[in-house]
Amino acid sequence: MAVELTAEKKLWMYRKMYEIRCFELEVDRLFKANMIWGTCHLSVGEEATAVGAIAALEKDDMITSTHRGHGHCIAKGGKLPQMFAELLGKETGYCRGRGGSMHIADIETGNLGANGIVGGGIPIATGAALASKMKKDGKVTLCFFGDGANNQGVFHESLNIASLWKLPVVYVCENNQYGMSVAFKKSTAAENVADRAAAYNMPGEIVDGNDVEAVYFAVKKAVDRARRGEGPSLIEAKTYRWLGHSKSDANVYRTKEEIEEWKKRCPIKRYRAKLVEEGVATEEELEKIEKEVEREIQEAIEYAKNSPEPSVEDIADGVYA
């Protein structure tokens, strides 16, 4: 393959996956401690898809995210203190504590925002790609969505117009096997989401969503194609969320055996072993990275805890026009 991964990039990918995992587990803990309000959707087990896909982008490229979007924000360069502050409803959060888990946006890093609407980011990504084509700025937009979104009308409308106009957008479906509590095979007539690419005259590719390098190479090929002006692609990353759909999900529709079987394919453990085996890093070097990440996570939580609450006088700022 023409594209090569440097040792530096491989270690960056490992670090980001570990960062996302630690972030999500701390969010789970903080939620149980009644420090996070509303709900949140965790992506434990899906880290390789977010990191591998975003690793294929240039710094100025853009993404749209989903209600399960913490990992996307972190991989795109989001700041941990502001993320925790947002989830804790603090003034220093990305949306000044008003958006919460499902609505983090970070325009500075090209993250056009998470979205509480299923498939809501798909037309936004398509519009951003249209803007890039009209401005001829060379940017590509990466659009994340879940398997549940592939049955929304806006999915089909967006892919159709993006292909017709050859827009610089890459659609990445994080197929974690369940749209809320309904198994993918019970909700979608097509065997694979990627099969639907043929209807819109674009490439469709299935990739192991728990293999960060496999995701990277598939998305990199699609991103390069989009940047050359050849139009969109659809990537289906088959992965799995270890936890419930949201914090209100009792998770009774899956067997423990199924969950444990997927846990054996943990993307972080797999990649850690691969890096050691390839001689990219030693156990000690990876442990050093992990300790650094754990320290940064705790510092970010302290920042969020010590941040001010939004004032009642400013409660409508940015909420109502």
Would you say that more than 12 heavy atoms from the other residues, nucleotides or ligands in this model lie under 6.0 Å from the [atom1] of [X], or not?
{"X": "Leu164", "atom1": "CG", "result": "yes"}
{"X": "Lys221", "atom1": "NZ", "result": "no"}
{"X": "Glu278", "atom1": "CD", "result": "yes"}
{"X": "Glu108", "atom1": "CD", "result": "no"}

Are [X] and [Y] grouped together when hydrophobic residues (ILVMFWY) are joined by side-chain heavy atoms under 4.5 angstrom apart?
{"X": "Leu42", "Y": "Leu80", "value": "yes"}
{"X": "Val44", "Y": "Tyr14", "value": "yes"}
{"X": "Ile206", "Y": "Val215", "value": "no"}
{"X": "Leu142", "Y": "Phe217", "value": "no"}
{"X": "Leu11", "Y": "Leu57", "value": "no"}

For the pair Tyr200 and His156, name the ring-plane relationship: parallel under 30°, tilted 30 to 60°, perpendicular over 60°. tilted
I need the Thr49 OG1 to Ile54 CD1 distance, nearest 0.5 Å. 10.5 Å
Pairwise distance CG(Asn192) to CZ(Phe184) - rounded to 0.5 angstrom: 6.5 Å
Between [X] (side chain only) and [Y] (backbone N and O only), is there a donor and an acceptor less than 3.5 Å apart?
{"X": "Arg227", "Y": "Gly138", "result": "yes"}
{"X": "Glu294", "Y": "Cys22", "result": "no"}
{"X": "Asn115", "Y": "Ile117", "result": "yes"}
{"X": "Glu91", "Y": "Pro308", "result": "no"}
{"X": "Tyr253", "Y": "Met180", "result": "yes"}
{"X": "Lys16", "Y": "Ala55", "result": "no"}
{"X": "Gln177", "Y": "Tyr240", "result": "no"}
{"X": "Glu47", "Y": "Met17", "result": "no"}
{"X": "Lys76", "Y": "Asn111", "result": "no"}
{"X": "Asn175", "Y": "Asp147", "result": "no"}

Quick check: closest heavy atoms across [X] and [Y], and the distance to 0.1 Å?
{"X": "Thr141", "Y": "Ala128", "value": "OG1-CB, 3.7 Å"}
{"X": "Ala75", "Y": "Ala50", "value": "CB-O, 4.0 Å"}
{"X": "Val170", "Y": "Ala226", "value": "CG2-CB, 4.4 Å"}

Which is it for Glu285 and Lys288 under the salt bridge (charged side-chain N to carboxylate O under 4.0 Å, His left out) test, yes or no, and what are the steps along the way? CA-CA 5 Å; Glu285 288 168 335; Lys288 183 182 178 185; over 6 Å; no
Can you find a pair of side-chain heavy atoms, one from [X] and one from [Y], that are under 4.5 Å apart?
{"X": "Val212", "Y": "Tyr216", "value": "no"}
{"X": "Trp262", "Y": "Asn210", "value": "yes"}
{"X": "Leu87", "Y": "Leu30", "value": "no"}

If you measure from the Lys or Arg side-chain nitrogens to the Asp or Glu carboxylate oxygens, is any gap between [X] and [Y] under 4.0 Å?
{"X": "Asp317", "Y": "Arg96", "result": "yes"}
{"X": "Arg241", "Y": "Glu24", "result": "no"}
{"X": "Asp106", "Y": "Lys79", "result": "no"}
{"X": "Lys256", "Y": "Glu260", "result": "no"}
{"X": "Glu174", "Y": "Arg68", "result": "no"}
{"X": "Lys305", "Y": "Glu302", "result": "yes"}
{"X": "Asp224", "Y": "Arg228", "result": "no"}
{"X": "Arg295", "Y": "Glu299", "result": "yes"}

Applying side-chain contact (heavy atoms from CB on, under 4.5 Å) to Asp314 and Arg98, what does each step give before you reach the verdict? CA-CA 11 Å; Asp314 300 333; Arg98 290 156 171 76; 3.9 Å; yes
Please say whether the positively charged group of Arg15, taken as NZ for Lys or CZ for Arg, lies over the ring of Trp12, i.e. under 6.0 angstrom from the six-membered ring centre and within 45 degrees of the axis. no
Do Arg254 and Tyr178 form a cation-pi contact, if we require the NZ or CZ to be under 6.0 Å from the six-membered ring centre and within 45 degrees of the ring's axis? yes
Mind running side-chain contact (heavy atoms from CB on, under 4.5 Å) on Glu213 and Lys10 for me, showing each step along the way? CA-CA 8 Å; Glu213 290 191 13; Lys10 289 181 178 184; 3.4 Å; yes
Asn151 and Ser187: CA distance, side-chain angles, deciding distance, side-chain contact (heavy atoms from CB on, under 4.5 Å) verdict: CA-CA 8 Å; Asn151 290 322; Ser187 66; 4.0 Å; yes
Side chains of [Y] and [X]: any donor to acceptor distance under 3.5 Å?
{"X": "Ser101", "Y": "His41", "result": "no"}
{"X": "Asn150", "Y": "Arg196", "result": "yes"}
{"X": "Gln82", "Y": "Tyr303", "result": "no"}

Show, in sequence, the C-alpha distance, side-chain angles and deciding distance for Asp137 and Ser132, and conclude whether the side chain to side chain donor-acceptor pair (under 3.5 Å) test is met. CA-CA 6 Å; Asp137 61 14; Ser132 287; 3.2 Å; yes
side-chain contact (heavy atoms from CB on, under 4.5 Å) assessment of Glu58 paired with Lys139: CA-CA 8 Å; Glu58 298 295 331; Lys139 295 179 183 179; over 6 Å; no
